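Bear in mind the structure is a predicted one, so any value in this text is a computation, not a measurement. Chain letters run A, B, ... following the sequence lines, proteins first, then strands; residues in each count from 1.
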Number of protein chains: 2
Amino acid sequence: MNMGISKTSNYTARQLELAKIAKALSHPARIAIVQFLLKKKTCYCGDIVSELPIVQSTVSQHLKELKAAGLIKGTIAGTSTCYCIDEKNWKSSQQLIAALFDKIPAVKSTCC
Amino acid sequence: MNMGISKTSNYTARQLELAKIAKALSHPARIAIVQFLLKKKTCYCGDIVSELPIVQSTVSQHLKELKAAGLIKGTIAGTSTCYCIDEKNWKSSQQLIAALFDKIPAVKSTCC
DNA sequence: CATATTCATCGCAATATTACGATAAATATT
DNA sequence: AATATTTATCGTAATATTGCGATGAATATG
């Protein structure tokens, strides 16, 4: 049907950005990857592969998505690629998300 | 192929929970919905429908997903349903996410 | 130069997501 | 009781995601 109509313009830039970040983190493998990168500071794709229960090509795909969302960076180093958290974007993402979650109402809801 | 193997057990409960929250927020419509609920405190499905560029059945589906993830609650009130943020789960989600984002390394990465 | 290593990409299959319209279910209104 | 209102669910179509193996591309090593 017409499911594919991405009504992108109907949402604010902030909403789209938040959804993009959330989507990047919406798979446990990608959560595991960023946690690993946060712990290790930098590492190669192979290090992640040996850490996760999925094969190399799938890990590479997940890395691509995290990179597309801006959460991580990758630089080629010889035959391998060194990945790390994109600290600048990580911080701005942190703030965007924090701003959303901070808006919890002081007043209790009347119905639920 | 064998794509559907959900290797759930290979990830920690925390990783799975984080991914679940992120997934619930991975669509701009659902971001818009929670923002609306945060602002309005409580409201009916119809209020959300008239706020968003999508039809009622789709909004209902998004609400179902947010509810399944535990981020919102809904109570039936006559013919309509009153939705609101699940404050308890909202706060615990906030903490889980904050804990992830707080782990930004003090040391700069050497490669990227 | 030949081979090895490492990662990205392609091709494909299975499943999930998203959207809509139609309809059901439940309560409210006349 | 009949009709209206409101939301949930069903059915279906289009597209996206996830996974794997195979292969390509690039640099490193022998």
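When atom types are taken as modelled, the side chain of S60(B) and the backbone of S57(B) share no donor-acceptor pair closer than 3.5 angstrom.
Residue Y83(B) places at least one side-chain N or O under 4.0 Å from the OP1 or OP2 atom of dA8(D). Between dA8(D) and S60(B), a contact under 4.0 Å exists linking OP1 or OP2 to a side-chain N or O.
Here dC7(C) presents its C1' atom at 11 Å from CD1 of I48(A), a figure rounded to the nearest Å. At whole-Å resolution of the value, CG in L66(A) and C1' in dT18(D) are 14 Å apart.
Expressed to the nearest 0.5 Å, how far CG of L25(B) lies from CZ of R30(B) amounts to 8.0 Å.
Across all strands, S80(A) comes closer than 4.0 Å only to sugar-phosphate atoms, never to a base (heavy-atom distances).
Comparing T58(B) and I76(A), the nucleotide of DNA chain D nearest to each residue sits closer to the 5' end for T58(B). Comparing K23(A) and A77(A), the nucleotide of DNA chain D nearest to each residue sits closer to the 5' end for K23(A). A residue-by-residue look at Q56(B) and S57(A) shows that S57(A) has its nearest nucleotide of DNA chain C further toward the 5' end.
For a distance-only test at 3.5 Å, the side chain of Q61(A) fails to qualify as a donor-acceptor partner of the base of dA8(C).
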Does E17(A) form a salt bridge (Lys or Arg N to Asp or Glu O under 4.0 Å) with K20(A)? I'd like the steps, not just the answer. CA-CA 5 Å; E17(A) 180 65 19; K20(A) 193 177 86 175; 3.7 Å; yes

